[in-house]
Amino acid sequence: YLTVMDGKNNFLGLLTEKDIARKALFLHRSLNDPKVYELMSTKWPFADINTTVDECLKTMKSHHVNYIPVFDNLELVGVITGEDILREAV
């Protein structure tokens, strides 16, 4: 995944490998042509810094995603992944 920010460091969305593959194929375009804003996902579940790990897992499961951005008062502070959670659990 790639976090997409504007010039003022505001979070705009995420660009994932799935986004690139799916949307480029759907648009019938070469991967050299599309701009990031054409392929990125803007409607993404998120967590704030006080969200529990269990809540993150439930959010990931209900939205069928493997990672979610984490915010602190509207500022992106990171992305938590299922792999992050699994690594800490072991």
Side-chain angles (χ1 to χ4, degrees):
Y1 61 87
L2 172 72
T3 55
V4 182
M5 312 295 279
D6 68 10
K8 296 180 182 179
N9 211 30
N10 295 311
F11 176 78
L12 299 177
L14 292 174
L15 180 64
T16 68
E17 291 173 357
K18 279 185 182 180
D19 291 331
I20 294 168
R22 189 177 311 138
K23 292 178 183 173
L25 287 173
F26 175 75
L27 295 171
H28 304 289
R29 295 170 71 182
S30 159
L31 291 179
N32 296 328
D33 295 334
K35 306 291 186 216
V36 169
Y37 74 87
E38 295 176 285
L39 303 179
M40 71 183 191
S41 296
T42 57
K43 296 181 181 183
W44 205 265
F46 64 90
D48 74 15
I49 59 170
N50 296 309
T51 303
T52 66
V53 170
D54 187 53
E55 290 172 309
C56 287
L57 287 170
K58 287 178 182 175
T59 299
M60 288 180 203
K61 183 176 180 182
S62 68
H63 287 88
H64 307 286
V65 296
N66 294 319
Y67 28 80
I68 52 176
V70 180
F71 292 88
D72 182 10
N73 292 326
L74 301 178
E75 180 182 341
L76 179 69
V77 293
V79 175
I80 187 165
T81 70
E83 188 176 313
D84 292 334
I85 295 168
L86 182 59
R87 188 177 21 234
E88 289 298 316
V90 175

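These numbers come from a predicted model, not from an experiment. Excluded from the calculations below are hydrogen atoms, water molecules and symmetry mates; all remaining heavy atoms, backbone and side chain alike, are included.
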Tell me the closest heavy-atom pair linking E55 and T52, and the distance in Å.
OE1-N, 2.8 Å
Could you walk me through whether I85 and M60 satisfy the side chain to side chain contact (heavy atoms under 4.5 Å, CB included) test, starting with their C-alpha distance in whole Å, then the side-chain angles of each, then the deciding distance to 0.1 Å, before giving a yes or no?
CA-CA 11 Å; I85 295 168; M60 288 180 203; 4.0 Å; yes
Can you see which heavy atom on D48 is nearest to which on N50, and at what distance?
OD1-N, 2.8 Å
Out of curiosity, does F11 fall in the hydrophobic cluster containing V36 (side-chain heavy atoms, cut-off under 4.5 Å, transitive links)?
no
Between I49 and I68, is there shared hydrophobic-cluster membership here, with clusters defined by ILVMFWY side-chain heavy atoms closer than 4.5 Å?
yes
If hydrophobic clusters are built by linking Ile, Leu, Val, Met, Phe, Trp and Tyr wherever their side-chain heavy atoms come under 4.5 Å apart, do V4 and Y67 end up in the same one?
no
A quick test of your reading: do over 12 heavy atoms of other residues, nucleotides or ligands sit less than 6.0 Å from CG of N73?
no
Compare all side-chain heavy atoms of E88 with those of V53 and state whether any distance is below 4.5 angstrom.
no
Answer yes or no: does atom CD of E75 have more than 12 heavy-atom neighbours from other residues, nucleotides or ligands under 6.0 Å?
no
Would you say T16 and W44 make side-chain contact, with heavy atoms under 4.5 Å?
yes
At their closest point, which heavy atom of D84 faces which heavy atom of V79, and how far apart are they?
OD2-O, 3.6 Å
Mind telling me whether F71 and F46 have parallel, tilted or perpendicular rings, with 30° and 60° as the class edges?
perpendicular
According to a 4.5 Å side-chain heavy-atom criterion applied to Ile, Leu, Val, Met, Phe, Trp and Tyr, with indirect links allowed, do L12 and L39 form part of one hydrophobic cluster?
yes
From N10 atom CG to L76 atom CG, the distance as rounded to the nearest 0.5 Å:
10.5 Å
Quick check: is L15 connected to Y1 through a chain of hydrophobic side chains (ILVMFWY, heavy atoms under 4.5 Å apart)?
no
Taking the side chain as every heavy atom from C-beta outward, state whether L14 and P69 have any pair of such atoms under 4.5 Å apart.
yes
